[in-house]
Amino acid sequence: MVPGLVCVGRWLDEDGRRRLTADIDAAPWSSQLRRRVQHYGHRYDYGSRGVGGTPAPPLPGWAVTLARRLHEDGHFDRPPDQVIVNEYLPGQGISAHVDHVGSFGPVVASVSLLSACVMEFTHPEDRTRVPVVLEPGSLCVMTGPARFTWRHSIPARKSDPGPNGRVPRGRRVSVTLRTVL
Ligand SMILES: O=C(O)CCC(=O)C(=O)O
Ligand SMILES: [Fe+2]
């Protein structure tokens with residue numbers, strides 16, 4: 001429904017999810033934009049804010065493993081070298097944006113952990129809105145129009161609409177991998 005968007009459910013199995021979450025939680029978090037974040041690789045972040053800030057630490061082992069697998073699976077033509085980890089507590093979200101076009105390459109990949117949530121893709125001209133459920137362990141890859149034209153956001157709310165009523169959110173952690181231009 002969103003051209004250029006590919007989502008793979010259960011990209012990480014339960015053990016993989018548990019180990020990745022433990023590795024991430026063993027690292028220090030910093031607080032920005034009301035969410036907690038970790039940056040690795042070049043510190044080019046926050047969409048329209050563009051390039052900035054102090055250099056980030058190199059990719060830790062778990063991020064190198066994810067980056068290699070995404071490259072080997074054919075999602076990237078070189079292993080992604082920039083990683084942002086976002087934590088969302090129920091009620092937190094991210095406003096509609098396109099990941100900074102001048103800073104990042106043509107592929108943006110996100111792995112979801114812990115709680116499911118709904119990401120909304122919005123077309124800037126006709127305002128078409130497509131909700132996409134991000135399940136724990138899933139991989140979402142944005143290329144082409146999904147990457148460059150459509151905006152993505154996570155509504156700041158405590159539950160999401162589901163087929164059988166509202167689905168409460170829990171703590172969610174996402175890992176987004178990109179290449180720096
Ligand atoms: O949490 C997510 O899945 C998306 C994060 C995101 O869009 C970003 O950091 O640019
Ligand atoms: Fe984004």
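This structure is a prediction, so every number in the text was calculated from the model and none was measured. In what follows, every heavy atom counts, from backbone to side chain, and hydrogens, waters and symmetry copies are set aside.
- When the side chains of ILVMFWY residues are joined at heavy-atom separations under 4.5 Å, either directly or via intervening members, I24 and W11 end up in a single hydrophobic cluster.
- Salt bridge present: R169 and D160 bring a charged side-chain N and a carboxylate O closer than 4.0 Å.
- Relative ring orientation between W150 and H123 is described as perpendicular, the plane-to-plane angle rising above 60° on a 0-90° scale split at 30° and 60°.
- Note that CZ of R34 is 12.5 Å distant from CG of L89, once rounded to the nearest 0.5 Å.
- Residues S112 and R172 come closest through the heavy atom pair OG-NH2, 2.9 Å.
- In this structure, P124 and T149 have side chains that are in contact, with non-hydrogen atoms separated by less than 4.5 Å.
- Contact detail for R147 and D99: the closest heavy-atom pair is NH1-O, 2.7 Å.
- If you run side chain to side chain contact (heavy atoms under 4.5 Å, CB included) between L177 and each of I84, L139, V83, D81, only V83 comes through.
- Atoms CD1 and OG, on I94 and S174 in that order, are 7.5 Å from each other to the nearest 0.5 Å.
- Considering every non-hydrogen atom in both P168 and S159, the closest pair reads CA-CB, 3.8 Å.
- Between P131 and M119 there is no side-chain heavy-atom pair separated by less than 4.5 Å.
- With values rounded to the nearest 0.5 angstrom, E135 atom CD is found 10.5 Å from C7 atom SG.
- In this structure, H152 and V108 have side chains that are not in contact, with every pair of non-hydrogen atoms separated by 4.5 Å or more.
- Residues R19 and D23 are not paired through a salt bridge, judged by the lack of any N-O separation under 4.0 Å between the basic side chain and the carboxylate.
- The nearest pair of heavy atoms linking A56 to H42 is CB-C, 4.5 Å.
- Here the side chains of L114 and P136 are not in contact, with every heavy-atom distance at 4.5 Å or above.
- Residues V8 and V141 are members of one and the same hydrophobic cluster, defined by side-chain heavy-atom contacts under 4.5 angstrom among Ile, Leu, Val, Met, Phe, Trp and Tyr.
- Of the inter-residue distances, the one linking L113 atom CG with L134 atom CG reads 11.5 Å to the nearest 0.5 angstrom.
- Among all heavy-atom pairs drawn from S153 and S95, the shortest one is CB-C, 3.7 Å.
- Atoms CG and CD, on N86 and Q38 in that order, are 10.0 Å from each other to the nearest 0.5 Å.
- Nearest heavy-atom pair across R10 and E14 is NH2-N, 4.4 Å.
- Between the CZ atom in R17 and the CG atom in D15 there is a gap of 10.0 Å [rounded to 0.5 Å].
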